[in-house]
Amino acid sequence: MNQPQKHDWKRILKIFSFSSRQVFEEIRPPGTYILVPLTFLLVTTFIVGIVLTFFYLTGYQPLNELSVHWWFAEATLVHQALMVGTMLLTLLYIVVLAVILLGTYYYALARCYRIHDIRWEHWFGFACWTLVPMFMVPSARVFFENYETAVYPSFILSVVVLALCFLLPIIWSVYLTVRGLLVWNKNTKRWHIFFCVLPFLVIGLASFPQLLELFAEILS
């Protein structure tokens with residue numbers, strides 16, 4: 001696999017624009033670069049997790065009524081550091097696991113559809129690039145899990161987090177998956193596309209109960 005080049009970081013910006021087709025053309029096997037998108041995913045997920053933790057633990061309005069405060073305040077400094085560190089490491093673990101599983105899933109699908117010229121590591125790289133917009137989603141999931149316990153959850157804040165930090169990244173990753181698949185495999189069929197975007201549909205459906213509870217609490 002080729003080593004990443006200096007201009008690879010510019011491809012990250014293109015991923016967030018409508019120039020993503022060019023990115024997938026440039027990283028077609030065997031020139032599929034992994035280090036840059038994976039590093040971006042890990043670093044940005046870590047930063048968003050730190051910011052979210054800071055908001056939780058400093059009583060930032062309107063997050064100051066979260067139930068996390070009482071048990072965190074009673075813990076010792078060492079335990080507090082361990083809890084925060086565990087949460088951040090869990091976020092990073094989720095990202096790495098998601099990339100590995102998604103890359104393996106794409107590889108298995110490619111084998112089923114007799115696409116034998118793209119190896120597993122290339123699909124791993126493909127997953128890294130398509131998941132770049134998803135760096136906010138793990139922290140958004142943490143937000144949904146905890147914010148429903150707030151005494152006065154904000155409807156506006158919940159909608160903003162849902163739209164910008166959860167739905168938009170998923171939709172953009174689906175768009176990247178479709179664009180990338182069409183570039184990498186000229187013989188792509190409609191059912192190929194459906195099975196490739198299926199994991200993102202599962203993510204959305206898995207979060208639906210949390211979202212339902214959150215907005216039920218807000219509107220009650």
Notebook entry, point to check: Looking at CG of L41 and CG of L92, how far apart are the two atoms once the value is rounded to the nearest 0.5 Å?
Noted result: 10.5 Å
Next item on the list: Report whether V132 and I100 are members of the same hydrophobic cluster (ILVMFWY, side-chain heavy atoms less than 4.5 Å apart, transitive linking).
Entry: yes
Notebook entry, point to check: Can you pull the side-chain hydrogen bond (donor to acceptor under 3.5 Å, both in side chains) pairs that have at least one residue in residues 158-173, sequence neighbours excluded?
Noted result: none
Check: When F24 is tested against each of F126, W129, Y33 for ring pair (Phe, Tyr, Trp, His ring centres under 6.0 Å), which residue passes?
Finding: F126
Check: Would F215 and F155 count as a side-chain contact (heavy atoms from CB on, under 4.5 Å) if you check the C-alpha gap in whole Å, the side-chain angles of each, and the deciding distance to 0.1 Å?
Finding: CA-CA 8 Å; F215 283 96; F155 177 79; 3.9 Å; yes
Next item on the list: Sort and list the pairs that fulfil side-chain hydrogen bond (donor to acceptor under 3.5 Å, both in side chains) and have at least one residue in residues 88-104, not counting sequence neighbours.
Entry: T104-W120
Next item on the list: Using the rule that two of Ile, Leu, Val, Met, Phe, Trp, Tyr join whenever any of their side-chain heavy atoms come within less than 4.5 Å, decide whether I15 and I171 are in one cluster.
Entry: no
Next item on the list: Would you kindly confirm whether F135 and V160 end up in one hydrophobic cluster when ILVMFWY residues are joined by side chain heavy atoms under 4.5 Å apart?
Entry: no
Check: Just how far is it from atom OG1 of T177 to atom CD1 of I193, taken to the nearest 0.5 Å?
Finding: 10.5 Å
Next item on the list: Kindly write out the residues that satisfy salt bridge (charged side-chain N to carboxylate O under 4.0 Å, His left out) with R28, not counting sequence neighbours, or none if the list is empty.
Entry: none
Note to self: Under the rule for side-chain contact (heavy atoms from CB on, under 4.5 Å), what residues qualify as partners of L13, not counting sequence neighbours?
What the structure shows: none
Note to self: I need the L131 CG to I170 CD1 distance, nearest 0.5 Å.
What the structure shows: 10.5 Å
Check: With sequence neighbours excluded, what pairs up with L212 under the side-chain contact (heavy atoms from CB on, under 4.5 Å) test?
Finding: F208
Next item on the list: Compare every heavy atom of E121 with every heavy atom of I34, then report the nearest pair and how far apart it is.
Entry: CD1-O, 3.6 Å
Check: Can you name the nearest heavy-atom pair linking T130 to A127, along with the distance?
Finding: OG1-O, 3.0 Å
Notebook entry, point to check: Are V137 and L205 connected in a single hydrophobic cluster, I mean Ile/Leu/Val/Met/Phe/Trp/Tyr linked by side-chain heavy atoms less than 4.5 Å apart?
Noted result: yes
Next item on the list: Begin with the C-alpha distance, continue with both residues' side-chain angles, and end with the deciding distance and a verdict on side-chain contact (heavy atoms from CB on, under 4.5 Å) for C196 and L109.
Entry: CA-CA 8 Å; C196 282; L109 285 179; 4.1 Å; yes
Note to self: Are L176 and L101 linked, directly or through intermediate hydrophobic residues, by side-chain heavy-atom contacts shorter than 4.5 Å (ILVMFWY only)?
What the structure shows: no
Next item on the list: Would you check if F166 and F144 make a side-chain contact, meaning some heavy-atom pair closer than 4.5 Å?
Entry: yes
Notebook entry, point to check: Which value, rounded to the nearest 0.5 Å, describes the distance between L102 atom CG and F200 atom CZ?
Noted result: 5.5 Å
Notebook entry, point to check: Relative to each other, are the rings of F195 and Y113 parallel, tilted or perpendicular (30° and 60° limits)?
Noted result: tilted
Next item on the list: Test side-chain contact (heavy atoms from CB on, under 4.5 Å) on E26 and R21 and set out the steps.
Entry: CA-CA 9 Å; E26 293 173 351; R21 181 181 182 86; over 6 Å; no
Notebook entry, point to check: How about I156: does its CD1 atom have over 12 heavy atoms from other parts shown lying under 6.0 Å from it?
Noted result: no
Notebook entry, point to check: Residues two or more places apart in sequence or in another chain: which of them pass side-chain hydrogen bond (donor to acceptor under 3.5 Å, both in side chains) with R141?
Noted result: S207, Q210
Note to self: The criterion is side-chain contact (heavy atoms from CB on, under 4.5 Å); which residues satisfy it with C165, sequence neighbours excluded?
What the structure shows: M136, A140, V161
Checklist line | Sequence-distant partners of R111, side-chain contact (heavy atoms from CB on, under 4.5 Å), two or more places apart | finding: Y107, H116
Item checked: Closest heavy-atom pair and its distance - I118, P29 -> CG2-CG, 3.9 Å
Next item on the list: Please report the closest heavy-atom contact between A163 and P169, naming both atoms and the distance.
Entry: O-CD, 4.4 Å
Margin query: As an exercise, state the distance from CD1 of I50 to OG1 of T45, rounded to the nearest 0.5 Å.
Written below: 11.5 Å
Notebook entry, point to check: Of all residues at least two apart in sequence or in a different chain, which pass the ring pair (Phe, Tyr, Trp, His ring centres under 6.0 Å) check with F46?
Noted result: none
Check: From W123 CH2 over to T32 OG1, what is the distance, rounded to the nearest 0.5 angstrom?
Finding: 9.5 Å
